[in-house]
Structure formats: C-alpha cells, structure tokens
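Just so it is clear, the structure is predicted and the values come from calculations on it, not from any experiment.
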Amino acid sequence: MDKLNIMKKHYEGIFIISPLVTENQLKETVAHFKKLLTSNGGEIIHEEDWGLKKFAYPIKKKSSGYYHLFEFKIEPDFIQKLETEYLRNEKILRFLTVSLDKYALEFNEKRRNGAFNKSASKKKDLLNA
C-alpha cells in the first residue's frame, strides 16, 4: 500500500443543481466537480445521478433540483476546498459531504451490489411463494 492511500479517507458527497440549468450545463457542472476531485488526487469509487427530484420545502425559491452523488477517497484537507467550490457555484443549491466509517462502506458496497433493490426482492418473494 503506498503512502498516499494511507492518508486518504472515504467520503460521500451529494449536491443539488438548480432545475433552471440546461442539460449541457448540468453535465458540465457534474464534470467540473468530478475533474476537481480527480485532479486533486481523489479517486471516485461510485457515482449516481438521481435526476430531478421535488423538494419537501423550497430551497432558494426552487421547488425541485437535480441530485448527484459521488463516493470518493481523498485527503481530508481537500474537503474544505471542495465545499468552497460548491458555495462559489451559483448552480449548486445545496450540498453535503460526509466521512464514511467502516459500517457505511459496508452498507454502500451492499447497496451497489443490489442487496436493497426492492424489485429484485419482490421477484424473489414471488418465486418462493
């Protein structure tokens, strides 16, 4: 194991992009943050585009937004820079970055492998009935 990997921690970050952006602006915004992570020594483990979702309450006078999630490894010092970049980007409505412990990593691995997929478990229940 190299010295750089020892210093990296696992994180999960989700951000919400304004619904007023075009499809190209949406892709550019996601690509910008992906490049920001990778160019600063980060490693993206998993990425999900959740699409346009309606909010429970208005955020910056918007009732919906595009959700995007990254699971990544990076040095802890970089998180402040990433969050500053979120704040500077007017297309970002909200963001949250959390550090993952071993239980969260295990849960994410199971989720990626479909352990909590409702449609798969319903099919399995129907077959066993």
Side-chain angles (χ1 to χ4, degrees):
M1 207 165 163
D2 66 60
K3 194 173 183 178
L4 291 176
N5 262 347
I6 294 171
M7 301 192 68
K8 291 182 181 180
K9 288 183 67 178
H10 284 266
Y11 294 93
E12 187 172 78
I14 188 163
F15 54 94
I16 306 171
I17 301 171
S18 170
L20 303 178
V21 299
T22 65
E23 191 171 335
N24 281 343
Q25 290 173 322
L26 178 66
K27 289 177 183 176
E28 288 170 3
T29 303
V30 171
H32 169 73
F33 287 105
K34 191 173 189 174
K35 183 180 178 192
L36 185 66
L37 285 168
T38 56
S39 65
N40 284 282
E43 174 189 341
I44 295 178
I45 297 167
H46 184 67
E47 177 180 0
E48 290 181 22
D49 180 14
W50 292 357
L52 185 66
K53 302 279 184 190
K54 188 168 174 50
F55 300 149
Y57 55 88
I59 299 173
K60 295 186 181 177
K61 299 183 181 179
K62 311 286 186 295
S63 60
S64 62
Y66 293 99
Y67 284 71
H68 202 85
L69 175 128
F70 285 127
E71 183 181 338
F72 56 95
K73 284 171 57 173
I74 201 158
E75 292 183 29
D77 299 345
F78 179 73
I79 298 302
Q80 184 63 44
K81 182 178 177 183
L82 175 66
E83 292 186 344
T84 300
E85 193 67 27
Y86 285 140
L87 290 169
R88 287 182 179 161
N89 191 320
E90 74 264 357
K91 295 177 189 112
I92 302 296
L93 300 178
R94 283 277 202 284
F95 63 90
L96 179 66
T97 307
V98 294
S99 177
L100 300 177
D101 62 6
K102 65 181 182 179
Y103 303 107
L105 292 171
E106 184 180 314
F107 176 83
N108 282 352
E109 184 68 31
K110 287 179 182 177
R111 186 174 56 85
R112 281 195 300 272
N113 292 330
F116 307 110
N117 189 346
K118 290 180 184 177
S119 62
S121 63
K122 283 182 184 178
K123 288 178 187 175
K124 188 176 178 182
D125 290 343
L126 291 173
L127 292 174
N128 292 333

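Under the side-chain contact (heavy atoms from CB on, under 4.5 Å) criterion, Ser39 pairs with no residue, sequence neighbours left out. Contacts of Lys81 classified as side-chain hydrogen bond (donor to acceptor under 3.5 Å, both in side chains), with partners at least two apart in sequence or in another chain: Asn40. The side-chain hydrogen bond (donor to acceptor under 3.5 Å, both in side chains) search around His68 returns Glu47, not counting sequence neighbours. In this structure, the salt bridge (charged side-chain N to carboxylate O under 4.0 Å, His left out) partners of Lys27, at least two apart in sequence or on a different chain, are Glu23.
There is a path of hydrophobic side-chain contacts, each under 4.5 Å, that joins Leu37 to Val30. Hydrophobic clustering keeps Ile74 apart from Ile14 (ILVMFWY residues linked when any side-chain heavy atoms are closer than 4.5 Å, directly or through intermediates). Connection of Leu26 to Ile92 is established within a shared hydrophobic cluster, with ILVMFWY side chains joined at heavy-atom distances below 4.5 Å, either directly or through further cluster members.
Side chains of Phe78 and Leu36 form a contact here, defined as non-hydrogen atoms less than 4.5 Å apart. With contacts defined as side-chain heavy-atom distances shorter than 4.5 Å, the pair Asn89/Ile17 does not qualify.
Applying the under-4.5 Å side-chain rule to Ile, Leu, Val, Met, Phe, Trp and Tyr, the cluster around Leu20 consists of that residue alone.
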Quiz: residues 49-61 side-chain donor-acceptor pairs under 3.5 angstrom, not counting sequence neighbours:
from	atom 1	to	atom 2	distance (Å)
Asp49	OD1	Gly51	N	3.2
Trp50	NE1	Glu48	OE1	2.6

Show which side-chain atoms of residues 94-110 pair as donor or acceptor with protein atoms under 3.5 Å away, not counting sequence neighbours.
from	atom 1	to	atom 2	distance (Å)
Thr97	OG1	Glu83	OE2	3.4
Ser99	OG	Lys9	NZ	3.4
Asp101	OD1	Tyr103	N	3.2
Asp101	OD1	Ala104	N	2.9
Asn108	ND2	Glu12	OE2	3.1
Asn108	ND2	Glu71	OE1	3.3
Glu109	OE1	Arg112	NH2	2.7
Glu109	OE2	Asn113	ND2	3.3

Worksheet item: For Phe33 and Phe70, what are the C-alpha separation, side-chain angles and deciding distance, and is it a ring pair (Phe, Tyr, Trp, His ring centres under 6.0 Å)?
Response: CA-CA 10 Å; Phe33 287 105; Phe70 285 127; 8.1 Å; no

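Nearest heavy-atom pair, Gln25 versus Thr22, reported as atom, atom and distance to 0.1 Å: OE1-N, 2.9 Å. When all heavy atoms of Leu93 and Pro19 are compared, the closest pair comes out as CD1-CD, 4.1 Å. Across every non-hydrogen atom of Ile44 and Phe72, the tightest pair is CA-CB, 4.1 Å.
To the nearest 0.5 Å, atom NE2 of residue His10 and atom CD of residue Glu43 are 7.5 Å apart. Annotation: the span from Leu82 atom CG to Leu87 atom CG amounts to 10.0 Å, rounded to 0.5 Å.
Summarising the local packing, NZ of Lys91 is surrounded by more than 12 heavy atoms from other residues, nucleotides or ligands at distances under 6.0 Å.
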